[in-house]
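One structure is given here, and the rest of the page talks about it.
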Amino acid sequence: MADKDIILPVPVLILEDESIIQSRLKCILQELGYQDDMLIFTSTLKESLSLIEDHPVSLALVDLGLPDGNGIELIEALRCKDPSAVILVISAWSTQESLFKAIRAGATGYVLKERDDAEVMIAIRSILRGGAPIDPFIAREILSRLPVEDTQNPSDKETGSEEYIEALTNREREILTLVAQGLSNREIAEMLFVSRYTVESHIKHIYRKLSVTKRTKAVSTARSLGLI
C-alpha cells in the first residue's frame, strides 16, 4: 500500500545481479507506490555506469558485490553527477570497512540483504524522509569497537556513576545518544529498524535507571555521567 506521506523520487535505479533480490525489491517499491515504468533494473556495474550517462537518477538501490566490480564505483559516479541523489546500499557485505567505504563514496544509507521485506521497506521509507539508515548489525559492531573513555572524576565514582554505566545496555546507550541528537521515538525506530513501542520501552528503562522522568533530564544526566 502506497505511503501518502512520502514524495517518491523518480526514476529509481536498482543495481542488483540476483533475480530473486530484484523481484523482492520490485515488490517492496511497488508497495511504496512505485509503478513499473519508474523502475530501472540493471545487473552489472558496466550497464549501470552506461545508463546514468544519459538518464538522471533520483534514487538508487545499489548492491556492492557484482560480477564485474564493486557498486562503490556507481555510488561515486552518481554522487558526482547529482549531489542530491539518494543512494541506499542493499548488500550482503556486513563489515565495518564496506560501510565506511560506501558512506565515503556518497551512500546515504546502508542495509543488509538478510533483513526481511518489512525491514528493508523501513530503511527505504527512512531514506525517502531524509534519514540516513544504517543496518543495526553493523552499527552495533562499530559501537562495540569504540574505545570507552574514562570521563569520570573521583567525585563521580563516589556518587555511584559506575553503577549507571553498568546498568545501561549498549542498545539503551545507542537510543539515548539518538535522543540527545533530538530524534523522535518514531525517527529512532526507523533508524534502528525496530518498532516505536520497542523504543518507548527502552526509554522507560533508561528513565528508571537514571532516576529521571523527562528526555531532557535523561540527556543532561547521561552527559554529566559521561555516558554520551
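Just so we're clear, the structure is a prediction, and the values are computed from it rather than from any experiment.
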Original post:
Considering only heavy atoms from C-beta outward, does the side chain of Ile21 approach that of Asp63 to under 4.5 Å?
Top reply: no
Original post:
Mind checking whether Leu183 and Glu190 have side chains closer than 4.5 Å, heavy atoms only?
Top reply: no
Rounded to the nearest 0.5 Å, how far apart are [atom1] of [X] and [atom2] of [Y]?
X: Ile203; Y: His205; atom1: CD1; atom2: NE2; result: 11.5 Å
X: Phe137; Y: Leu99; atom1: CZ; atom2: CG; result: 12.0 Å
X: Lys214; Y: Ser220; atom1: NZ; atom2: OG; result: 11.0 Å
X: Arg171; Y: Ile175; atom1: CZ; atom2: CD1; result: 5.5 Å
X: Ile127; Y: Met191; atom1: CD1; atom2: CE; result: 10.5 Å
X: Met121; Y: Leu25; atom1: CE; atom2: CG; result: 10.5 Å

Flag, side chain of [X] to backbone of [Y], donor-acceptor distance under 3.5 Å:
X: Tyr207; Y: Arg215; answer: yes
X: Ser126; Y: Ile122; answer: no
X: Ser201; Y: Tyr197; answer: no
X: Tyr34; Y: Pro9; answer: yes
X: Thr108; Y: Ile87; answer: yes

**OP:** Check the pair Leu74, Leu13 against side chain to side chain contact (heavy atoms under 4.5 Å, CB included), reporting the backbone distance first and the verdict last.
**Re:** CA-CA 11 Å; Leu74 176 63; Leu13 172 62; 4.0 Å; yes
If you look at every heavy atom in [X] and [Y], which pair is closest and at what distance?
X: Ala107; Y: Ile75; answer: N-CG2, 3.5 Å
X: Ile138; Y: Ser94; answer: CG1-O, 3.8 Å
X: Gly65; Y: Trp93; answer: CA-CZ2, 3.5 Å
X: Ala105; Y: Ile72; answer: CB-CG2, 3.8 Å
X: Leu49; Y: Ile52; answer: O-CG1, 3.4 Å
X: Pro136; Y: Leu192; answer: CG-O, 3.7 Å

Original post:
Can you name the side chain to side chain donor-acceptor pair (under 3.5 Å) partners of Glu187, sequence neighbours left out?
Top reply: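 With neighbours one apart ignored, the set is Ser184.
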**OP:** Determine, stepwise, if the pair Ile206 / Val179 fulfils side chain to side chain contact (heavy atoms under 4.5 Å, CB included).
**Re:** CA-CA 11 Å; Ile206 292 169; Val179 168; over 6 Å; no
Original post:
Would His202 and Val194 count as a side chain to side chain contact (heavy atoms under 4.5 Å, CB included) if you check the C-alpha gap in whole Å, the side-chain angles of each, and the deciding distance to 0.1 Å?
Top reply: CA-CA 11 Å; His202 280 301; Val194 298; over 6 Å; no
Which pairs, with at least one residue in [range] and sequence neighbours excluded, count as a salt bridge (charged side-chain N to carboxylate O under 4.0 Å, His left out)?
range: residues 78-94; result: none
range: residues 92-107; result: Glu97-Lys101
range: residues 7-26; result: Glu16-Lys113, Glu18-Lys113, Arg24-Asp117, Lys26-Asp36

Subject >> Sequence neighbours excluded - side chain to side chain donor-acceptor pair (under 3.5 Å) pairs with any residue from residues 64-76 >> reply: none
Original post:
Under the side chain to side chain donor-acceptor pair (under 3.5 Å) rule, what pairs show up with a residue in residues 38-50, not counting sequence neighbours?
Top reply: Thr42-Ser48
Original post:
Do Lys204 and Glu200 meet the salt-bridge criterion of a basic N to acidic O distance under 4.0 Å?
Top reply: no
Subject >> Leu29 and Leu61: CA distance, side-chain angles, deciding distance, side chain to side chain contact (heavy atoms under 4.5 Å, CB included) verdict >> reply: CA-CA 11 Å; Leu29 290 166; Leu61 307 182; 3.9 Å; yes
